[in-house]
Structure formats: C-alpha cells, structure tokens
Chemist: 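Take this structure, written in structure tokens, and hold onto it; I'll ask about it next.
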Amino acid sequence: MKVLVTGGAGYIGSVVAARLAAAGHEVVVLDDLSTGHADAVPKAAAFVRGTLRDDAARLLAGGVEAVLHFAARSVVPESVAHPERYWDNNVGGTLALLEAMRANGVGRIVFSSTAAVYGEPERTPITEDDPVRPTNPYGASKAAVDSCLAEYARMHGFAATSLRYFNVAGAYGRYGERHTTETHLIPIVLGVALGERDSVKVFGDDYPTPDGSCVRDYIHVDDLARAHLLALEAAEPGRHRVYNLGNGSGFSVLEVIEVCRKVTGHAIPAERAERRPGDPAVLVASSERIRSELGWRPEHPDLATIVGDAWTFHVHGSGRRWEA
Ligand SMILES: NC(=O)c1ccc[n+]([C@@H]2O[C@H](COP(=O)([O-])OP(=O)(O)OC[C@H]3O[C@@H](n4cnc5c(N)ncnc54)[C@H](O)[C@@H]3O)[C@@H](O)[C@H]2O)c1
Ligand SMILES: O=c1ccn([C@@H]2O[C@H](COP(=O)(O)OP(=O)(O)O[C@H]3O[C@H](CO)[C@H](O)[C@H](O)[C@H]3O)[C@@H](O)[C@H]2O)c(=O)[nH]1
C-alpha cells in the first residue's frame, strides 16, 4: 500500500513509518518540522516538508491509498494558554486533510487520538464507552476529530480508526523521543540520569493514589506501532472504530523514577513540586476491545523494558548518531 504518514518526522510517526516501510509499504512522510526532525524520517520513506493545509492535497493525488495521521500539537499546558493553536492545527488542519482525502477518493485513515479525551475518569480501567469529557483544549481538539471521523465514516464512507493512546514511551532502534520542549516524564527523568538536568520535579504528592503521586499506563512505542498496522489492515468503509491503547497497569510517578534509577544505575534526585494543573490522578486503559477485535497483544509490557529501550536511545546521542 502507498501510505501518507503525517507527522512522520515526530516521535511516534517516525517509529510507525519505519515499521510500515519494513513491512513493505511505500511510505510518504509529510511534516512541517514544527516539533519533528528531518533526520528522524526513515531513509526508506519519501519526505516532504510541508503542512496539512498546503501540501496534503498534492501528495494524496499521487496514488496514496491510506493516511496515518500523527501531525498535531500535543503539549497540554500550551493548549491551555493558546487554545487557538490547537483548534487551528489539530482540528482545522485535520479538516483540510480529510477534505483533501475526500477530493482524491482516499478514505482509509488511522488517527492519533488520546486518553486526554476522557478527562478526569469516573472509573479504572477506562473503556471506549466511558464518557468523553476532555478537561483541556488539547483533549478537546482530539475529541472533535474523533467525532468528525465518525461522521466522515457515516456520510462519506471513510474507513476510519481512532487510536486513543495512553502514555507512550520507549524507542525503536534509532527512533525515539526527543522533543525540544520536553514535558513527558520518562525522557525528563532520563535527562537527569544523563546530567542534562539536576533533578526531576514530582508534580503533586497528595493525589488519592498509594504513594500520592499520579498513576499512568505506559505503553511501548513499538507495541503502539504494531497496533497501527493492524488498524490499517482491518479498516472497513463506512465504519469508525475507536480503540484504547495501554497495558492495563498503572505506575506512579515515584515508581517510574525508581525503575529509571534501576535501569540507569543513576541516583536521579527527585524533588516534590506543586500539582500540574489538569493532571488526572489515575489514567489506566482497558485495551480489551483491540485485543479481542484485532488480536493486538503488547510484546513489551514490562516498564523496565520500556525505560531500557528509551535509555539506549538517549545514551546513543538522542538518535543523531544512529546509522540507518
Ligand atoms: N506522545 C504521547 O504520549 C501521545 C499520547 C497520546 C496521543 N499522542 C498523539 O500522537 C501524535 C504523535 O505524537 P508525538 O509524541 O510523536 O508528537 P511529535 O510532536 O513528536 O510529532 C508530531 C509531528 O507532527 C508535525 N506537525 C505538527 N503539525 C503539523 C502540520 N500542520 N503539518 C505537518 N506536520 C505537522 C511535527 O513537526 C511533528 O514532527 C500526536 O497527534 C499526539 O497528539 C501522543
Ligand atoms: O517533570 C515531570 C513530568 C511529568 N510528571 C508527571 O508524570 C505523569 C505523566 O506525565 P506526562 O507529561 O509524561 O504524560 P501525561 O500523562 O500528562 O500526558 C500523556 O497522556 C495524555 C493523555 O492523558 C496526553 O495524550 C499527552 O499527549 C500524553 O503525553 C503526570 O502525572 C505528570 O504530572 C512529573 O511529575 N514531573
């Protein structure tokens, strides 16, 4: 299949682009490099630097059969301070992409949605039938696209899938996480181990969790990538599927730091800090639906493996010194 990967110079998109190319697909990456890196695009893929609005249409005219749509802004505090950026890029940009797809007769799409659409959940683990009640503009923008995809499936025959990722971590060979503005826990903690930061701040110690810090469900980026390939194959015209993706087990911030200490052998100083606004106490996924419908199984559910792969990536110079 010829596949357009938007955001394929970013963390998750580059891993999926590499996996797709390895599976024999023809991959075209579209990325404006706003948060991505040109050298993260797999060599087997064609790379076009451009935007969803200005450049997707001409690429879709070139025989593309499916779209994997990762391109988005995804920093929650930024979304609170500048909601217009999120409505403009994540919703407006996606609408332009969907219309370009429709104009070119391309209806197959897998979309990067998020656990943030659920907001503060009522129960754990979270299933896809739980209420969608985002508590920040980032989550709201992703929920809006999920709704949009349901309508494009119903009215325009799209074969659409929303994958709601929980906390993505780890690396796949030379492909890993290296955001210029890093907000994610594991790369921040590994940055302390590498001496790039003095300590990690633990946001909140009075949550209703066993040790008072927030609990999250960490999924290996390679397990997530395999879910994309399954979703791509399973897509059916006229149907919008929604799947949560996590491992179904929660780890507190303090537990994650402890695992990072064991993996890196570094003391990793941690300091208590105020709660980060908008952080739910516990986010743990039920991924039963994708397991039973698509046969997805995580191959790397162990947090030490997830952290270990991220550590290997960070130690090798944040991906810049990798060969292939
Ligand atoms: N990392 C996570 O834990 C996580 C969790 C849930 C959902 N997601 C979603 O997964 C997707 C990928 O996340 P990531 O962590 O790889 O982010 P990332 O920032 O590394 O990648 C996003 C890529 O999209 C590009 N981009 C943004 N807007 C664009 C536009 N208008 N046109 C072209 N390119 C554009 C950026 O340059 C970047 O390379 C995002 O949609 C994000 O919301 C991520
Ligand atoms: O320096 C830090 C960074 C994070 N945390 C804590 O670590 C946990 C995980 O934080 P991340 O920023 O790594 O991840 P989030 O759970 O906030 O966000 C992730 O999940 C969200 C869905 O809930 C979105 O999809 C988002 O894109 C994705 O990164 C949170 O409790 C956060 O407060 C710290 O204590 N210190």
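We count ligands from 1, going down the list as the structure has it; atoms in each ligand are counted the same way. All values below come from the heavy atoms of this structure, side chains included, with hydrogens, waters and symmetry mates left out.
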Chemist: Atom 17 (O) of ligand 2: which of Arg216, His184, Arg276 has the nearest heavy atom?
Modeler: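 Nearest option to atom 17 (O) of ligand 2, by heavy atoms: Arg276.
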Chemist: Are Glu274 and Lys201 within salt-bridge range, i.e. N to O under 4.0 Å?
Modeler: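 Result for this pair is no, no salt bridge flagged.
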Chemist: Looking only at heavy atoms of Thr6, does any of them come nearer than 4.0 Å to an atom of ligand 1?
Modeler: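 False for this residue.
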Chemist: Suppose I only count heavy atoms of Ser113 and a 4.0 Å limit; which atoms of ligand 1 are within that range?
Modeler: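 Going through ligand 1 atom by atom, the ones under 4.0 Å from Ser113 are 6 (C), 7 (C).
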Chemist: Taking distance alone, with N or O pairs closer than 3.5 Å, would you say Ile188 contacts ligand 2?
Modeler: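 No - when backbone and side-chain N and O of Ile188 are compared with those of ligand 2, no distance drops under 3.5 Å.
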Chemist: Answer yes or no: is there an ion pair linking Arg164 with Asp130, defined by an N-O contact shorter than 4.0 Å?
Modeler: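 Salt bridge between Arg164 and Asp130, a charged N being under 4.0 Å from a carboxylate O: no.
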Chemist: Which of the atoms of ligand 2 are close to Tyr138, meaning less than 4.0 Å from one of its heavy atoms?
Modeler: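 Answer, ordered by atom number: 24 (C), 25 (O), 27 (O).
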Chemist: Have a look at Arg53 and tell me which of Asp88, Asn89, Asp32 forms a side-chain hydrogen bond (donor to acceptor under 3.5 Å, both in side chains) with it.
Modeler: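 It is Asp88; the other options fail the test.
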Chemist: Checking the N or O distance criterion of under 3.5 Å, is ligand 2 in contact with Cys214?
Modeler: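 Between Cys214 and ligand 2 (N or O atoms, distance only) the closest approach is not under 3.5 Å.
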Chemist: Of the backbone atoms (N, CA, C, O) and the side-chain heavy atoms from C-beta on, which set of His184 has a member under 4.0 Å from an atom of ligand 1: side chain, backbone, both, or neither?
Modeler: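 Within the 4.0 Å criterion, His184 contacts ligand 1 through side-chain atoms alone.
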Chemist: Strictly distance-based, threshold 3.5 Å: is any side-chain N or O of Lys142 a donor or acceptor partner for the main-chain N or O of Pro134?
Modeler: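 Looks like no, no N/O pair under 3.5 Å.
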Chemist: Counting from 1, what ligand 2 atoms have a heavy atom of Val253 closer than 4.0 Å?
Modeler: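 Reading through ligand 2 atom by atom, the close ones are 6 (C), 7 (O), 8 (C), 31 (O), 35 (O).
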Chemist: To which of Val76, Thr114, Thr183 does the heavy atom nearest atom 24 (C) of ligand 2 belong?
Modeler: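 Heavy atom nearest to atom 24 (C) of ligand 2 belongs to Thr114.
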Chemist: Would Asn167 count as being in polar contact with ligand 1, using the rule that some N or O on each side must be under 3.5 angstrom apart?
Modeler: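 No: no nitrogen or oxygen of Asn167 is under 3.5 Å from one in ligand 1.
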Chemist: Could you list which atoms of ligand 1 come closer than 4.0 Å to a heavy atom of His179?
Modeler: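 Reading through ligand 1 atom by atom, the close ones are 15 (O), 17 (O), 18 (P), 19 (O), 20 (O).
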